[in-house]
Participant: 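Below you will find the structure I want to go over with you.
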2 protein chains.
Amino acid sequence: MYSYEYPRPSVTVDCVIFAWDSESSDLKVLLIERAHNPFAGNWAFPGGFVDMDEDLETAARRELEEETGMNDLFMEQLFTFGTPNRDPRGRVISVAYYALVSLAHHADQIKAASDAADTRWISVKDLSEIELAFDHQEVMKIALERLRGKVRYQPIGFELLPEKFPLSQLQILYEHVLGTTLDKRNFRRKILKTKLVIPLDEYQQNVSHRAAQLYKFDKNKYEQLVKEGFVFEI
Amino acid sequence: MYSYEYPRPSVTVDCVIFAWDSESSDLKVLLIERAHNPFAGNWAFPGGFVDMDEDLETAARRELEEETGMNDLFMEQLFTFGTPNRDPRGRVISVAYYALVSLAHHADQIKAASDAADTRWISVKDLSEIELAFDHQEVMKIALERLRGKVRYQPIGFELLPEKFPLSQLQILYEHVLGTTLDKRNFRRKILKTKLVIPLDEYQQNVSHRAAQLYKFDKNKYEQLVKEGFVFEI
DNA sequence: GTTTCTTAGTGTTTTTTATACACAAAGTAA
DNA sequence: TTACTTTGTGTATAAAAAACACTAAGAAAC
């Protein structure tokens with residue numbers, strides 16, 4: 001154990017908050033423009049210090065709620081970044097989390113947050129051209145890899161969609177995250193075979209073409225099936 | 001940033017060092033018996049404080065080398081544990097890593113380490129009956145889940161075997177880690193189809209039955225194939 | 001109100017991959 | 001020489017993945 005005289009690192013949490021924008025079919029992340037140095041004017045993931053009596057995930061959820069107004073989102077620890085000079089002010093070890101949220105579903109809450117002058121949803125595909133603070137480009141890279149890897153064997157894609165969605169939206173989401181194209185018939189067959197999506201007696205509204213049937217994800221059924229050894233796979 | 005008066009957590013690294021004992025076909029981890037309180041007499045994973053100017057992985061590799069005498073092992077960040085009261089002495093955040101090593105291959109170095117009175121290789125299957133310090137049972141659980149998950153889509157099983165091994169050893173290793181039985185012919189076909197194992201003109205020695213042909217893993221070829229988009233899968 | 005445009009929704013065939021399964025040959029020990 | 005243990009090998013069946021194209025619905029434009 002360090003003596004009290006011995007310097008200790010600071011410990012922070014950072015949150016990569018992914019959102020799927022159904023309108024524009026675009027994967028976005030929430031970024032904050034830094035007002036002060038270091039990296040004033042650059043963008044950074046929301047984050048902050050971990051309180052001394054606070055659990056890491058609790059701290060991450062607190063940051064998440066502060067920025068989006070939402071709790072109870074899908075959230076998972078991503079990676080811990082601790083390169084000695086990642087923060088010029090001193091030794092800062094950052095435990096990164098990533099969260100998934102549907103932009104359409106929570107449009108109202110999120111809008112409040114994103115209306116703040118210094119907070120913005122930025123498309124993942126534009127991110128390489130933006131100056132990110134600290135090692136947040138690296139954080140982003142690892143978050144994307146994780147999302148890509150995980151979406152195939154855990155039904156987390158649904159966390160990014162509104163409660164009710166057409167299957168085409170789900171397919172487009174998968175295609176964007178995985179960076180591939182998928183055959184419509186094969187994709188629908190596969191999804192429906194899992195029995196994890198429930199068809200509703202509702203249809204898309206305000207579209208200028210045939211309206212698609214809406215479905216919802218049956219999370220309870222999934223959790224029950226997992227206990228029985230079921231493994232989701234796309 | 002915390003002011004210097006504000007208390008900060010300590011940050012440690014802990015290493016779950018997995019080894020495969022070919023002799024007894026047994027998966028083991030390296031544990032240290034604690035001499036002092038808290039948890040005197042209990043077993044714990046090797047670990048220690050991160051120096052202020054030291055990278056996290058560097059710290060983990062330093063601990064690993066101190067305990068096993070080996071460097072350059074397969075090692076990966078596992079998870080960061082930070083529940084406020086996981087260490088009764090104060091707030092300690094532990095970044096856990098896991099490493100893979102072949103017991104047979106490095107028998108000499110490891111023996112030196114494991115000969116120390118307080119250091120021992122303990123079979124994973126006996127671990128639930130052993131009193132582990134801190135939250136190390138939880139660490140163990142997560143390390144095993146990771147190993148099980150990862151072994152199927154990354155050729156890390158080879159890291160646990162000696163340089164030259166018969167295919168039967170590889171199969172037994174997979175069966176133990178995955179907790180299943182595998183068909184010999186199908187398993188061999190699958191492994192050979194990847195072209196990642198090179199058959200040698202050498203055979204098992206000192207066995208009281210027909211000696212099996214030895215193979216070695218072609219790591220360079222694997223890394224090259226990965227660049228071309230190859231995905232290992234068992 | 002007919003035409004145009006866009007997206008929804010649906011089956012079958014072929015190819016690939018996974019699974020199930022058994023016996024002869026090698027080599028050591030008794 | 002016999003018994004025992006482990007190696008090493010092929011085929012047939014079942015399941016899953018991939019490839020592929022047209023009709024129907026509905027809104028918008030003319």
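Letters A, B, ... are given to chains in the order of the sequence lines, protein chains preceding strands, and every chain is numbered from 1.
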Participant: Mind listing the side-chain donor-acceptor pairs of residues 141-158 of chain B below 3.5 Å, one per line with the distance, residues two or more places apart or on another chain?
Facilitator:
residue	atom	partner	partner atom	Å
B:Arg146	NH1	B:Gln77	O	3.1
B:Arg146	NH2	B:Leu78	O	2.5
B:Arg148	NH1	B:Val177	O	3.0
B:Lys150	NZ	B:Glu76	OE1	3.1
B:Lys150	NZ	B:Glu76	OE2	3.3

Participant: Before accepting this row, confirm whether a basic side-chain N of the pair A:Arg61/A:Glu65 lies closer than 4.0 Å to the acidic partner's carboxylate O.
Facilitator: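 Result for this pair is no, no salt bridge flagged.
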
Participant: A:Leu200 has an atom CG; how far is it from atom P of C:dA8, in whole Å?
Facilitator: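 Roughly 16 Å, once rounded to whole Å.
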
Participant: Taking OH from A:Tyr203 and P from C:dT6, how many angstroms apart are they, rounded to a whole number?
Facilitator: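 One finds 24 Å between P of C:dT6 and OH of A:Tyr203, rounded.
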
Participant: Please list all pairs meeting side chain to side chain donor-acceptor pair (under 3.5 Å) that have one or both residues in residues 188-205 of chain B, counting only residues at least two apart or in different chains.
Facilitator: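 Pairs touching residues 188-205 of chain B that pass the test: B:Lys164-B:Glu202, B:Asn186-B:Arg189.
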
Participant: Send over the distance from B:Phe187 CZ to D:dT7 C1', rounded to a whole Å.
Facilitator: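 For the pair B:Phe187 CZ and D:dT7 C1', the rounded distance is 15 Å.
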
Participant: Expressed as a whole number of angstroms, how long is the span from B:Gln205:CD to C:dT28:P?
Facilitator: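 These atoms are roughly 11 Å apart.
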
Participant: Can you name the side chain to side chain donor-acceptor pair (under 3.5 Å) partners of B:Asp21, sequence neighbours left out?
Facilitator: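 Counting only residues at least two positions away or on another chain, B:Asp21 forms a side chain to side chain donor-acceptor pair (under 3.5 Å) with B:Ser24, B:Lys28.
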
Participant: Can you tell which of C:dA8, D:dT6, D:dA27 lies closest to the side chain of A:Gln204?
Facilitator: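 Nearest nucleotide to the side chain: C:dA8.
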
Participant: Indicate every side-chain donor-acceptor pair of residues 223-234 of chain A with a distance under 3.5 Å to a residue at least two apart or in another chain.
Facilitator:
residue	atom	partner	partner atom	Å
A:Gln224	NE2	A:Glu228	OE2	3.4

Participant: As a test of reading the structure: which of C:dG9, C:dT12, D:dA27 is closest to the side chain of A:Arg189, going by heavy atoms?
Facilitator: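 Nearest nucleotide to the side chain: C:dT12.
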
Participant: Take atom CD of B:Gln213 and atom C1' of C:dA25, then tell me their distance rounded to the nearest Å.
Facilitator: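 After rounding, the gap between these two atoms is 15 Å.
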
Participant: Closest-nucleotide mapping onto DNA chain D: is B:Leu214 or B:Ser208 further toward the 5' terminus? I mean the 5' end.
Facilitator: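 Result: B:Ser208.
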
Participant: Cut-off 3.5 Å, side chains only: do B:Trp20 and B:Glu159 have a donor facing an acceptor?
Facilitator: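 There is no such pair between these side chains.
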
Participant: Any pair with a residue in residues 126-135 of chain B that passes side chain to side chain donor-acceptor pair (under 3.5 Å), sequence neighbours left out, goes on the list, sorted by first then second residue, please.
Facilitator: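 Applying side chain to side chain donor-acceptor pair (under 3.5 Å) to every pair that reaches into residues 126-135 of chain B, excluding sequence neighbours, yields B:Arg86-B:Asp135.
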
Participant: For DNA chain D, find the residues of residues 164-186 of chain B with a heavy-atom distance under 4.0 Å and give them by number; none if there aren't any.
Facilitator: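 Heavy-atom cutoff 4.0 Å gives B:Ser168, B:Lys184, B:Arg185.
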
Participant: What's the closest nucleotide to the side chain of A:His209 if the choices are C:dT7, D:dT9, D:dT11?
Facilitator: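 Closest nucleotide to the A:His209 side chain: C:dT7.
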
Participant: Let's see if you can work this out: which of D:dT9, D:dA19, C:dG9 has an atom nearest to the side-chain heavy atoms of B:Arg188?
Facilitator: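 Of the candidates, D:dT9 comes closest.
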
Participant: Using atom CG of B:Leu192 as one end and atom C1' of D:dG10 as the other, report the distance to the nearest whole Å.
Facilitator: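 After rounding, the reported distance stands at 14 Å.
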
Participant: Can you tell me if the side-chain N/O atoms of A:Arg210 get under 4.0 Å from OP1 or OP2 in C:dT6?
Facilitator: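 Checking C:dT6 against A:Arg210, no side-chain N or O comes under 4.0 Å of OP1 or OP2.
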
